[in-house]
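One structure is given below, represented as C-alpha cells, and several questions about it will come after.
Everything numeric here is computed off the predicted structure, so don't read it as measured data. Just so it is clear: chains get the letters A, B, ... in the order the sequence lines come, proteins before strands, and each one is counted from 1.
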Amino acid sequence: MPADPVKALAAAIAAAAGAELELERPGEAEHGDYATNVALRLAGARRKPPREIAAEIATAAEGLPAVERTEVAGPGFVNLFLRDEWFAAALSEILGDGAAYGSGGAERQERVQVEMVSANPTGPIPVSSARNGAYGDAVARLFELAGHEVEREYYYNDSGGQMDRFRASVEAARRGEEPPEDGYKGAYINDLAALKGDPVPLMLKEIESSLERFRVHFDSFRRQSELELRLPELLPRLDTYEKEGALWARSSAHGDDEDRVLLRSEDRSPTYRAADVAYLVDKLDRGFDRAIYVLGADHHGTRNWYAAVARMLGYDPERVEVLLYQLVHLTKGGEQTKMSKRRGDVVFLDDFMDEIGVDAARWYLVNRGPDQTIEIDIDLAAERSQKNPVYYVQYAHARIAGILRNAPDNAGNSLLLAKPLAPAERELVKRLAELPAVAAEALTKRGPQGVPTYAIRVADDFHRFYHEHRVLESEQQAFRLGLCLATQRVIATCLHLVGVEAPERM
RNA sequence: GCGCCCGUAGCUCAGUGGACAGAGCGGCGGACUUCUAAUCCGCGGGUCGGAGGUUCGAAUCCUCCCGGGCGCACCA
C-alpha cells in the first residue's frame, strides 16, 4: 500500500463513525487540521439533523489516538485537531516510501498509449504544437506515476497534398527557384535544400530532436502510408455506403456528428479518415488497454469520430480517449500575430526554449488548464522568465539541497520530537500529505495544471518554515531534517511530472 | 445557423457542491553579521459576464441571455 496518511486517517475515522467519509483541509486554521462534511451529506438519508450526526462522528473520532479534540461547527462540519504524534507518524510514513512517495495510486495497471504532437513534418514544431507535447507528456507522466505502463507515439502523414507541396518547396529551393504556389517558405526550407535526399525524414529528425530537448521522448513513430496498406482488409468491416462515386462511413449512426468520406470519388484514394481507421485498429491490436489522442481544440469536431470507428469495428469505445486542449495565442507587443507555417512567421519551439529556457517553457505550457487558451506575449516571455513561479519552486528544492549538504552524516532517520511542533511545521507536513490526492485528481481530470499549483503551495509552506525556523543545530534537528528531505522529494516529484529539472544549486 | 471551449482582482490565471473567493505579476511599505534575500512579512485591490432555477449550502450543477475563441472539406 502506497503511503497516504490522510486517507489512512479518513479510513480510521470512517471505521469508528460507521460511515464513508473524506477529509478536507479547512481554509481557516481555527477550523482544525482537517474537517469533514459527511454529516451534512448523511442528514437526508438518516433523517436526522446534521449537527446531531456530526456530534456522534466527533465523539467516535475522539477515541482515536491521533485526535486531540474535535468540534462540531456551522451547519454540521466536524473539525479535527490532531496531536503532534500524528504529524510525526505521517512524516515517517511519507519518508518510508522514499523517492516513490506519491506513486502507485492505480488500483489495476493498464497499458496506455499516449499519441501526441503528431504534427506533419512540413516544418519545425511551433509553440502551439509544443503545448500538445507538454500537455500529453504531463498526462503520460501522471499515468506512469500511478503505476501504469505508458508508451508515447508520434503519428505523421508522409504522403498526400501537404507533403507534396513541402517536398516541391524544398526541390524548388535546390534549383534556386521560388517556392510554388501554396508552397512553404522560411529559412528552414533553405537549410533543408542544402542537404541531400527526401526532406521529410530530415525534417522529422529535427522535430524529434527539438522535442527531446523539450524533454518529450517518443517510443515510436507511425507513418500514414504504411497504415494505408491495411485498408483493403479493414474497410469491409466498417458500416459504409457509396455516394457520388465516393465511399462513405456511416459514422453518424455510431455516435459521430456526421458521415465521413473514406475513399475519394476522383481516384478512390484514401482520405486521412481512412488511415484513422487503420491506425485505430493498429493501436488496439497492439494490446493497449487505453488509446489516448491528444488534439488541439481546432480538431474538436472529430472528437466522436474515433469512438464511432471503435464501435463499428466492435471494440469497446471506452478504450479510446480524446484529450482536447485550447490553442496558444501569441502576441507581440500586445498585437495578435496569426501563425502560419507557410508564411514562415511562426514562433518555433526551439526559439521559445532559447528565449525562456526549457524549464520555464514546460512550466508555462502545463501551468494552465487544457480548456484555457494560453496567451503568450513573445516580447515579455524572456523578461517574465525570471519571475516565473517555476524558479520559486526550484529554489525551494535547491535550498533544501544546501541544508542536506551541511547536515551531519548521522543526523537522519530519527524523527524524535524534542518539543511541540510549530504551526509552520504542522502546515508543511499536511501539505506534503496532500500529494497522493493531488496526483490522483490531476490524473482523473486529465488536468496536470493541478501539479504546478500544488508545487507552489509546497514551496510556499517550505519557504515560510525555513524563514521561521533553523534546521541544523536546532533542538528539533532530527524532525526538521526529515521534514526537509520529504519536502525535497515531493518537490522533485512535482517538477518531474511537469517535465522540469530539480536543481541542487541555484 | 449548429457544435465544442472560455468569461473570477489592473494583467495572466488557480479554484468542477461546502464555512468570510485564492496565487503570480504589477502598485505601496517593511525584514539580510544567520542552513542560499531567486526568500519572508504587511497594505491596497472582486456585483466570480447577466438573469432565473436545483440545494441546508452554488464561482462550481441546470435553463435562458450577453460577450470572446475555435470548428462545421472528398486538407491533415
Practice problem: Output yes when a side-chain donor or acceptor of A/R480 lies under 3.5 Å from a complementary backbone atom of A/R470, and no otherwise. | Solution: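 At least one qualifying donor-acceptor pair exists.
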Quiz prompt | B/rA51 versus B/rA58 - spacing of their C1' atoms, nearest Å | solution =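 Going atom to atom, C1' in each nucleotide, I get 15 Å.
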Quiz item: Does A/R464 place a side-chain N or O at less than 4.0 Å from the phosphate oxygens OP1/OP2 of B/rU39?
Solution: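 A/R464 to B/rU39 OP1/OP2: no side-chain N or O under 4.0 Å.
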Self-check item: Where A/A492 and A/H397 come nearest, the two heavy atoms and their spacing
Solution: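 The pair with the smallest heavy-atom distance is CB-NE2, 3.9 Å.
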Quiz prompt | B/rG24 versus B/rC62 - spacing of their P atoms, nearest Å | solution =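 Comparing P positions in B/rG24 and B/rC62 gives a spacing of 32 Å.
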Exercise. For A/N79, answer base if it contacts any base atom (sugar-phosphate contacts may also be present), sugar-phosphate if it contacts only those atoms, and nothing otherwise; contact means non-hydrogen atoms under 4.0 Å.
Key: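 Base, at least one base heavy atom under 4.0 Å.
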Quiz item: With a 3.5 Å cut-off and just heavy-atom distances, do the side chain of A/Y272 and the base of B/rA76 make a donor-acceptor pair?
Solution: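 For A/Y272, whose side chain was compared with the base of B/rA76, there is a donor-acceptor pair (under 3.5 Å).
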Self-check item: Anti or syn - B/rC32, cut at 90° from 0
Solution: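 You should classify B/rC32 as syn.
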Quiz item: In terms of side-chain heavy atoms of A/A35, which of B/rA19, B/rU12, B/rC75 is nearest?
Solution: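 Nearest to the side chain of A/A35 among the choices is B/rA19.
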Practice problem: Answer with base, sugar-phosphate or nothing: what part of the nucleic acid does A/T453 contact at a heavy-atom distance below 4.0 Å? | Solution: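 Sugar-phosphate contact only - A/T453 comes under 4.0 Å of backbone atoms but never of a base.
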Quiz prompt | Nearest-nucleotide 5' precedence on RNA chain B, A/E258 against A/G27 | solution =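 By nearest-heavy-atom nucleotide position, the 5'-most residue is A/G27.
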Quiz item: So does A/R264 get a side-chain nitrogen or oxygen closer than 4.0 Å to the phosphate oxygens (OP1/OP2) of B/rC75?
Solution: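 Indeed, a polar side-chain atom of A/R264 lies that close.
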Quiz item: So with a 6.0 Å cut-off around CD of A/E226, is the heavy-atom count from everything else above 12?
Solution: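 Yes, because the 6.0 Å sphere around CD of A/E226 holds more than 12 heavy atoms from other groups.
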Exercise. Please answer whether the main-chain N or O of A/Y279 pairs with a side-chain N or O of A/R230 as donor and acceptor at a distance below 3.5 Å.
Key: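 Side chain of A/R230 to backbone of A/Y279, a donor-acceptor pair under 3.5 Å: no, none is there.
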Quiz item: In residues 497-506 of chain A, which residues come under 4.0 Å of RNA chain B by heavy atom?
Solution: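 By residue number: A/E504, A/R505, A/M506.
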Quiz item: Using a cut-off of 4.0 Å on non-hydrogen atoms, how would the nucleic acid contact of A/G369 be classed: base, sugar-phosphate, or nothing?
Solution: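 It contacts sugar-phosphate atoms only.
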Practice problem: Under 4.0 Å between any heavy atoms, over every strand shown, what does A/A297 touch: base, sugar-phosphate, or nothing? Just pick one. | Solution: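 Sugar-phosphate contact only - A/A297 comes under 4.0 Å of backbone atoms but never of a base.
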Quiz item: When the P atoms of B/rG68 and B/rU8 are considered, how many whole Å apart are they?
Solution: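 One P to the other, the span is 14 Å.
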Quiz item: NA contact type, A/A401, heavy-atom cut-off 4.0 Å: base, sugar-phosphate, or nothing?
Solution: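 No contact.
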Quiz item: Think A/R165 has a side-chain N or O under 4.0 angstrom from the OP1 or OP2 of B/rC75?
Solution: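 For B/rC75, OP1/OP2 do not have a side-chain N/O of A/R165 under 4.0 Å.
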Exercise. Look at all strands and tell whether A/N37 reaches a base, only sugar-phosphate, or nothing, counting heavy atoms closer than 4.0 Å.
Key: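 A/N37: base contact, heavy atoms under 4.0 Å.
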Quiz item: Would you say the side chain of A/F166 lies within less than 4.5 Å of the side chain of A/I189, judging by non-hydrogen atoms?
Solution: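 Yes, side chains in contact.
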Quiz item: Counting side-chain heavy atoms from CB outward, which of B/rG18, B/rA76, B/rG3 is closest to A/H300?
Solution: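 Out of B/rG18, B/rA76, B/rG3, the nucleotide with an atom closest to A/H300's side chain is B/rG3.
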Quiz item: Just by modelled atom types, is the A/G245 backbone N or O under 3.5 Å from a matching donor or acceptor in the A/S265 side chain?
Solution: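 Not at all, since once roles are kept as given, no pair shorter than 3.5 Å links the two residues.
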Self-check item: Atom CD of A/E475 with >12 non-hydrogen neighbours under 6.0 angstrom
Solution: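 No, the 6.0 Å shell around CD holds no more than 12 heavy atoms from other groups.
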Quiz item: Are A/Y392 and A/D460 close enough that a side-chain donor and a side-chain acceptor fall under 3.5 Å?
Solution: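 Short answer, yes.
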Exercise. Quick one: label A/L263 by what it contacts on the DNA or RNA (base, sugar-phosphate, nothing), any heavy atom closer than 4.0 Å.
Key: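 Nothing, no nucleic acid heavy atom in range.
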Practice problem: Check whether the side chain of A/Q449 and the base of B/rC13 form a donor-acceptor pair under 3.5 Å. | Solution: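 A donor-acceptor contact between them is absent.
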Quiz item: Of the nucleotides B/rC74, B/rG24, B/rG15, which one has an atom closest to the side chain of A/V261?
Solution: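 The answer is B/rC74.
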Quiz item: Taking A/N157 for the side chain and A/N120 for the main chain, is one N or O donor matched with an acceptor at less than 3.5 Å?
Solution: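 No: the side chain of A/N157 does not pair with the backbone of A/N120.
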Practice problem: Sticking with atom P, work out how far B/rC65 lies from B/rA19, rounded to a whole angstrom. | Solution: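 Straight-line distance between the two P atoms is 31 Å.
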Quiz item: Distance between the P atoms of B/rC6 and B/rU60, in whole angstroms?
Solution: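 Pairwise P distance, B/rC6 against B/rU60, rounds to 13 Å.
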Quiz item: For A/Y466, which contact category applies under a 4.0 Å heavy-atom criterion: base, sugar-phosphate, or nothing?
Solution: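 Touches a base.
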Quiz prompt | Rounded distance in Å between the C1' positions of B/rC41 and B/rG69 | solution =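 Result for the C1' pair: 41 Å, nearest Å.
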Quiz item: Which dot-bracket string fits RNA chain B when only Watson-Crick or G-U wobble pairs with both atom distances under 3.5 Å count, crossing pairs get [ ], and | stands for a partner on a different strand?
Solution: ((((((((.[[[[.)..(...]]]].(((((.......))))).....[[[[[..)....]]]]])))))))....
Quiz item: Hey, is the main chain of A/V117 close enough, under 3.5 Å, to the side chain of A/N132 for a donor-acceptor pair?
Solution: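 Side chain of A/N132 to backbone of A/V117, a donor-acceptor pair under 3.5 Å: yes, one is there.
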Quiz item: Looking at B/rA76, does its base get a donor-acceptor pair with the side chain of A/D298 below 3.5 Å?
Solution: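 No.
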Self-check item: From B/rA76, B/rU16, B/rA14, nucleotide with atom closest to A/E441 side chain
Solution: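 Nearest to the side-chain atoms of A/E441, counting from C-beta on, is B/rU16.
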Quiz item: Just wondering, are more than 12 heavy atoms of other shown residues or ligands nearer than 6.0 Å to NZ in A/K7?
Solution: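 Check fails, neighbour count at 12 or below.
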Quiz item: Contact class for A/H469 vs. all strands (heavy atom < 4.0 Å): base, sugar-phosphate, or nothing?
Solution: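 Base contact.
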Quiz prompt | Euclidean distance for P, B/rC20 against B/rA59 (whole angstrom) | solution =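 That atom pair is separated by 10 Å.
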Practice problem: Would you check if the side chain of A/R264 reaches a backbone N or O of A/P270 as a donor-acceptor pair within less than 3.5 Å? | Solution: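 Side chain of A/R264 to backbone of A/P270: a pair is present.
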Quiz prompt | Selection from B/rC5, B/rC74, B/rA14 that lies nearest to any side-chain heavy atom of A/Q326 | solution =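 Per side-chain heavy atoms of A/Q326, the pick is B/rC5.
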Tabulated below should be each protein N or O lying under 3.5 Å from an N or O of nucleotides 25-30 of chain B; please produce it.
unit_1, atom_1, unit_2, atom_2, d
B/rG26, OP1, A/K387, NZ, 3.4

Quiz prompt | Phosphate OP1/OP2 of B/rA38: any A/Q394 side-chain N/O under 4.0 Å | solution =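 Answer no for this pair, as no side-chain N or O of A/Q394 is under 4.0 Å from OP1 or OP2.
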Quiz item: Considering all heavy atoms of both residues, which atom of A/L483 and which atom of A/V429 are nearest to each other, and what is their separation?
Solution: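 Taking A/L483 first and A/V429 second, the nearest heavy atoms are CD1-CG2, 3.7 Å.
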Exercise. Verify the stacking flag for A/Y392 against B/rA38: centroid separation must be under 5.5 angstrom and the ring planes must differ by under 30 degrees.
Key: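 No.
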Practice problem: Counting heavy atoms from C-beta on, name the nucleotide in B/rC13, B/rU39, B/rC20 closest to the side chain of A/E28. | Solution: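 For A/E28, the side-chain atoms sit closest to B/rC20.
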Practice problem: Looking only at side-chain atoms of A/E24, point me to the closest of B/rG18, B/rC6, B/rU12. | Solution: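 Selected nucleotide (nearest to the side chain): B/rG18.
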Self-check item: Sugar-phosphate only, base, or nothing, as touched by A/E244 at under 4.0 Å among non-hydrogen atoms
Solution: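 Result for A/E244 = base.
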Practice problem: State which of B/rC35, B/rA19, B/rC74 makes the closest approach to the side chain of A/L472. | Solution: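 Shortest atom-to-atom distance from the side chain points to B/rC35.
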Quiz item: Reckon A/A396 touches a base, only the sugar-phosphate, or nothing at all at heavy-atom distances under 4.0 Å?
Solution: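 Result for A/A396 = nothing.
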Quiz item: With distance as the sole test, does A/S210 use its side chain to make a donor-acceptor pair with the main-chain N or O of A/E208 at under 3.5 Å?
Solution: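 No, because the side chain of A/S210 does not come within donor-acceptor range (under 3.5 Å) of the backbone of A/E208.
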Quiz item: Taking atom C1' in both B/rG44 and B/rG30, what distance in whole Å separates the two?
Solution: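 Roughly 15 Å separates the two C1' atoms.
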Self-check item: Test item: A/R368 side-chain N/O and A/L365 main-chain N/O as donor-acceptor pair under 3.5 Å
Solution: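 Not a single qualifying donor-acceptor pair exists.
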Quiz item: Does A/H31 lie flat on the base of B/rA19, that is, centres under 5.5 Å apart and planes under 30° off?
Solution: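 Per 5.5 Å and 30° rule: yes, stacked.
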Quiz item: Between B/rA19, B/rA23, B/rU34, which nucleotide has the shortest distance from any of its atoms to the side chain of A/F77?
Solution: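 Of B/rA19, B/rA23, B/rU34, B/rA19 is nearest to the side chain of A/F77.
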Quiz item: Do any side-chain nitrogens or oxygens of A/Y155 fall under 4.0 Å of OP1 or OP2 in B/rA76?
Solution: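 Negative; the distance criterion is not met.
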Quiz item: Is the base of B/rC6 touched by the side chain of A/T373 through a donor-acceptor pair closer than 3.5 angstrom?
Solution: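 Such a pair does not exist between side chain and base.
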Quiz item: Hey, which of these two, A/T271 or A/G450, hits RNA chain B nearer its 5' end, going by closest nucleotide?
Solution: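 So the residue in question is A/G450.
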Quiz prompt | Donor-acceptor pair under 3.5 Å, A/H329 side chain vs B/rG69 base | solution =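 Flag unset: no donor-acceptor pair detected.
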Quiz prompt | Nearest-nucleotide pick for A/D460, side chain only, options being B/rC72, B/rC40, B/rG18 | solution =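 Taking heavy atoms from C-beta onward, the closest nucleotide is B/rC40.
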Self-check item: Candidates A/L428, A/I403, A/T487 - the one meeting side-chain contact (heavy atoms from CB on, under 4.5 Å) with A/Y466
Solution: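 For A/Y466, the side-chain contact (heavy atoms from CB on, under 4.5 Å) test succeeds with only one of A/L428, A/I403, A/T487, which is A/I403.
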